[in-house]
Amino acid sequence: MRYKRGLFIILTIIMALTSGFGISYAEEDTVFSDISGHWAEEIIKEAVDLKIVGGYPDGTYLPENLISREEFYKLITNVLTVTPDTSDTKIQFSDVVKTEWYVPAIKIAVAAGITSGYGDGTFGIGLIISRQEAAKVAGSVIPQDAP
């Protein structure tokens with residue numbers, strides 16, 4: 001059930017792509033200072049409860065922000081039912097800073113075969129992910145035998 005609900009939440013977010021996904025994780029009872037009355041408030045709260053998304057360190061969620069590639073890959077790797085071993089995974093993208101918060105998610109995505117970055121050797125750190133890219137990535141993690 002968690003998988004189906006998580007997938008629903010991700011697909012909803014892909015369609016809107018106006019939600020921001022932060023790098024820290026909130027406790028289940030956390031109320032972000034900027035989601036009250038927002039159309040996605042209940043979806044955001046449910047995604048937090050499922051530990052799919054988190055907020056920013058300052059207690060905000062920034063629901064109207066667009067989502068960066070690294071934020072999206074963090075979200076997508078949070079719903080994987082099987083997480084690959086990344087102990088031998090090397091990140092060679094020229095724009096990835098090895099000490100940043102997003103490195104574990106990118107390692108998981110590379111090890112799982114979800115991304116290989118761009119042809120120019122970059123991952124696209126800081127770039128906004130397009131709906132087409134997000135849909136392609138989400139489609140790649142949906143099992144072929146999913147009902």
Side-chain angles (χ1 to χ4, degrees), residues 1-35 38-91 93 95-118 122-147:
M1 180 67 174
R2 180 185 188 281
Y3 175 78
K4 287 182 182 179
R5 188 65 183 155
L7 186 58
F8 167 76
I9 290 169
I10 286 177
L11 292 175
T12 300
I13 292 168
I14 289 170
M15 293 306 296
L17 266 185
T18 57
S19 295
F21 298 94
I23 60 175
S24 63
Y25 281 89
E27 298 299 320
E28 284 187 25
D29 60 346
T30 296
V31 177
F32 298 111
S33 62
D34 58 349
I35 65 168
H38 190 274
W39 69 266
E41 180 179 1
E42 292 307 313
I43 294 171
I44 293 166
K45 287 179 180 178
E46 186 168 356
V48 169
D49 289 346
L50 292 171
K51 301 207 181 314
I52 295 172
V53 300
Y56 291 92
D58 66 357
T60 61
Y61 184 79
L62 305 177
E64 293 299 321
N65 277 12
L66 297 175
I67 186 168
S68 70
R69 288 179 47 81
E70 61 273 23
E71 289 172 327
F72 182 77
Y73 277 90
K74 174 66 174 156
L75 174 145
I76 230 41
T77 59
N78 285 343
V79 297
L80 293 177
T81 55
V82 177
T83 304
D85 177 22
T86 61
S87 57
D88 293 328
T89 304
K90 304 285 187 252
I91 301 296
F93 305 120
D95 59 342
V96 170
V97 177
K98 306 280 192 243
T99 57
E100 286 294 330
W101 64 268
Y102 51 73
V103 170
I106 293 173
K107 279 187 168 188
I108 292 169
V110 168
I114 298 170
T115 188
S116 57
Y118 290 125
T122 63
F123 176 79
I125 296 297
L127 298 178
I128 301 304
I129 194 164
S130 71
R131 287 183 184 208
Q132 294 85 349
E133 287 176 305
K136 181 180 178 188
V137 171
S140 73
V141 299
I142 299 171
Q144 296 301 314
D145 58 353

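Residue numbers start at 1 and run along the sequence shown.
Rounded to the nearest 0.5 angstrom, I91 CD1 and T86 OG1 are separated by 8.5 Å. With rounding to the nearest 0.5 Å, the separation of OG in S68 from CD1 in I128 is 6.0 Å. Between atom OH of residue Y102 and atom CZ of residue R69 there is a gap of 12.0 Å, rounded to the nearest 0.5 Å. To the nearest 0.5 Å, the span separating NZ on K51 from CG on N78 amounts to 10.5 Å. Put simply, CD1 on I67 and CZ on F72 are 6.5 Å apart, with the number rounded to the nearest 0.5 Å. The CG atom of D49 sits 9.5 Å away from the NZ atom of K45 when rounded to the nearest 0.5 Å.
The side chain to side chain contact (heavy atoms under 4.5 Å, CB included) test applied to S33 returns T60, not counting sequence neighbours. Looking at residues two or more places apart in sequence or on another chain, you find no side chain to side chain donor-acceptor pair (under 3.5 Å) involving E100.
For the pair L80/I108, a side-chain contact is recorded, criterion being any heavy-atom separation below 4.5 Å from C-beta on. The side-chain heavy atoms of Y118 and L127, taken from C-beta on, include a pair separated by under 4.5 Å. No side-chain heavy atom of K107 sits less than 4.5 Å from a side-chain heavy atom of T77. Contact of the T115 side chain with the V110 side chain is registered, since non-hydrogen atoms from C-beta on lie closer than 4.5 Å. Side-chain contact check for F93 versus T122: every heavy-atom pair is 4.5 Å or farther apart.
What you find for I114 and S140 is that their closest heavy atoms are CG2-OG, 3.9 Å. Y73 approaches A109 most closely through the heavy-atom pair CD2-CB, 3.6 Å. Closest approach of I125 and D95 over heavy atoms only: N-OD2, 2.8 Å.
The residues E70 and K74 are annotated as not salt-bridged, no charged nitrogen and carboxylate oxygen being separated by less than 4.0 angstrom.
No donor-acceptor pair closer than 3.5 Å links the side chain of E46 to the backbone N or O of I43.
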### Task
Go through E41 and Y61 one step at a time and tell me if the side-chain contact (heavy atoms from CB on, under 4.5 Å) criterion holds.
CA-CA 10 Å; E41 180 179 1; Y61 184 79; over 6 Å; no
